[in-house]
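Shown next, in structure tokens, is the structure this report addresses.
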There are 2 protein chains.
Amino acid sequence: MSESHDVPAEEQTRHAQKMARKKAARDRMMETKTGEKGLVIVHTGAGKGKSSSGFGMIMRCIAHEMPCAVVQFIKGSWDTGERRLLTSNFGDLCQFHAMGEGFTWETQDKSRDIAAARAGWAKARDLIRDPSIRMVLLDEINIALRYGYLDPQGVVDFLNAEKPEMTHVVLTGRGAPEILIETADLVTEMAMVKHPFRAGVKAQAGVEY
Amino acid sequence: MSESHDVPAEEQTRHAQKMARKKAARDRMMETKTGEKGLVIVHTGAGKGKSSSGFGMIMRCIAHEMPCAVVQFIKGSWDTGERRLLTSNFGDLCQFHAMGEGFTWETQDKSRDIAAARAGWAKARDLIRDPSIRMVLLDEINIALRYGYLDPQGVVDFLNAEKPEMTHVVLTGRGAPEILIETADLVTEMAMVKHPFRAGVKAQAGVEY
């Protein structure tokens with residue numbers, strides 16, 4: 001790689017003009033974005049980053065001293081690190097509730113899975129109703145919706161009727177139901193392009209857990 | 001939503017058998033995943049979550065007391081919250097270097113942008129070469145690659161030749177070059193399905209910054 005970064009004067013001017021136009025267009029666009037509201041945010045898709053970007057947003061809330069909460073619908077053994085970090089450092093700002101028992105192929109008990117999902121949703125409703133809590137992360141709730149352990153229509157109706165206006169609710173997990181996507185304000189699909197499991201590499205600290 | 005979650009005995013048994021088969025298949029698959037290695041991880045696409053899931057992984061590293069580092073190639077004003085949280089609570093585990101000056105349409109100065117990108121990449125190389133640092137997050141480096149401020153081949157060659165075996169390097173930003181995607185172990189494309197800017201809602205604390 002060349003270490004020189006002298007840009008000819010003519011190109012420099014052309015670049016500055018182009019970027020000034022881009023900035024003006026962007027500023028005009030952003031001027032129209034003045035509203036503030038609590039968002040229903042969905043992270044779905046088969047790729048990675050659904051939960052970790054949810055945790056990233058929780059850390060952002062903590063950075064802004066906004067009270068927030070996490071309800072985990074699937075208790076994966078690899079969440080102990082994040083949980084410890086949240087509860088031991090920021091327990092005053094962020095509540096953490098692990099309601100699920102594990103993936104459904106781990107428990108192999110449908111009644112127990114349904115009971116855990118419904119207990120998680122009951123806890124979630126209490127947290128969402130509390131207007132002092134500014135963000136509620138419902139981690140892997142989409143799995144419970146996909147398996148039919150929770151009714152998607154019931155969840156959507158609750159969000160529309162009872163979510164305080166300024167509260168953000170983040171719902172993660174693959175296979176988000178269409179009705180939830182329709183209701184949401186912000187939906188990102190994390191698509192898997194390449195995954196190291198294919199190359200025989202196992203889940204590793206810092207990456208998967 | 002019905003509050004009853006009694007599952008008929010026959011269905012319960014069928015579910016348990018199906019999930020037992022799923023678990024067995026999964027366990028067999030996971031048994032083949034025994035390797036550990038430092039990964040080259042790319043978050044790209046036009047959707048949200050590229051940087052926040054990078055920050056989520058940094059928080060996971062911190063939870064595991066793995067030394068780590070962040071190099072920001074684009075200094076957005078809204079990263080102050082994360083930066084303050086990282087540096088004031090976990091500065092002993094995580095270094096934070098903001099090298100970029102802002103989006104290129106903010107600076108409107110190509111020479112300065114190139115200089116900032118190259119200084120960021122020089123810092124990144126030092127951090128990656130240090131085997132005590134377990135994860136290096138190169139936030140928004142893909143923007144610098146896309147604008148030609150850094151040479152993608154040079155970055156890929158460096159990662160292949162000099163990255164210590166156990167170090168994870170995370171590269172974020174839309175428009176990751178194809179050569180980087182080919183080299184990477186784990187690539188996720190964050191696709192925008194729905195965005196609240198379209199509904200006139202501005203960037204908000206906890207969500208965008």
Side-chain angles (χ1 to χ4, degrees), chain A residues 1 5 7 12 15-16 19-20 22-23 26 32-37 39 43 47-49 52-53 55-57 59-61 63-64 66 81-82 84-85 104-105 108 110-111 114-115 118 134-135 151 154 168 184-191 193-197 200-202 204-207, chain B residues 1 5 7 12 15-16 19-20 22-23 26 32-37 39 43 47-49 52-53 55-57 59-61 63-64 66 81-82 84-85 104-105 108 110-111 114-115 118 134-135 151 154 168 184-191 193-197 200-202 204-207:
Chain A
M1 194 179 310
H5 44 80
V7 177
Q12 181 79 2
H15 175 85
M19 290 303 144
K22 186 162 180 171
K23 177 169 163 51
R26 200 182 157 80
T32 67
K33 318 302 178 195
T34 53
E36 274 198 311
K37 63 175 270 200
L39 303 176
H43 294 172
K48 286 186 53 64
S52 57
S53 105
F55 276 102
M57 283 196 287
M59 296 313 296
R60 284 182 175 167
C61 287
H64 291 286
M66 292 159 62
E82 281 141 326
R84 195 177 53 233
L85 184 136
T104 186
W105 57 85
Q108 300 173 24
K110 193 166 180 174
S111 301
I114 293 175
R118 302 231 169 136
R134 301 287 307 281
M135 178 180 282
D151 172 26
H168 303 298
D185 301 289
L186 173 54
V187 179
T188 306
E189 184 184 347
M190 277 71 170
V193 178
K194 213 174 190 183
H195 198 290
F197 280 2
V201 175
K202 70 179 180 183
Q204 294 176 95
V207 181
Chain B
M1 194 180 311
H5 44 80
V7 177
Q12 180 80 3
H15 175 86
M19 290 302 145
K22 186 162 180 171
K23 177 170 163 54
R26 201 182 156 81
T32 67
K33 317 303 177 195
T34 52
E36 275 197 313
K37 63 174 273 202
L39 303 176
H43 294 172
K48 286 186 54 64
S52 57
S53 104
F55 276 102
M57 283 196 286
M59 297 313 296
R60 283 182 175 165
C61 286
H64 291 287
M66 293 159 62
E82 282 141 327
R84 196 177 53 233
L85 184 135
T104 185
W105 57 85
Q108 300 173 25
K110 192 166 180 174
S111 301
I114 294 176
R118 302 231 169 135
R134 301 288 306 283
M135 177 180 282
D151 172 26
H168 304 297
D185 302 289
L186 174 53
V187 179
T188 307
E189 184 183 347
M190 277 71 170
V193 178
K194 212 175 191 183
H195 197 290
F197 280 3
V201 175
K202 69 179 181 184
Q204 293 177 96
V207 181

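Chain naming here is simple, since letters A, B, ... match the order of the sequence lines and numbering starts at 1 in each. Computed over heavy atoms, backbone and side chain alike; hydrogens, waters and symmetry mates excluded.
Residue B:Gly49 comes nearest to A:Met190 through the heavy atom pair CA-CE, 4.4 Å, listed as atom of the first residue, atom of the second, then distance. Annotation for A:Ala63 and B:Arg84: closest pair O-NH2, 2.7 Å, computed over non-hydrogen atoms.
Of the atoms belonging to B:Met135, it is side-chain heavy atoms, and not backbone ones, that fall under 4.5 Å from chain A. Contacts of B:Met66 with chain A are made by side-chain atoms alone, with heavy-atom separations under 4.5 Å and no backbone atom involved.
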Requested in this report: Begin from the C-alpha positions of B:Ser53 and A:Lys48 and carry the test side-chain contact (heavy atoms from CB on, under 4.5 Å) through to its verdict.
Outcome: CA-CA 9 Å; B:Ser53 104; A:Lys48 286 186 53 64; over 6 Å; no

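A donor-acceptor contact shorter than 3.5 Å is absent between the side chain of A:Glu189 and the backbone of B:Val193.
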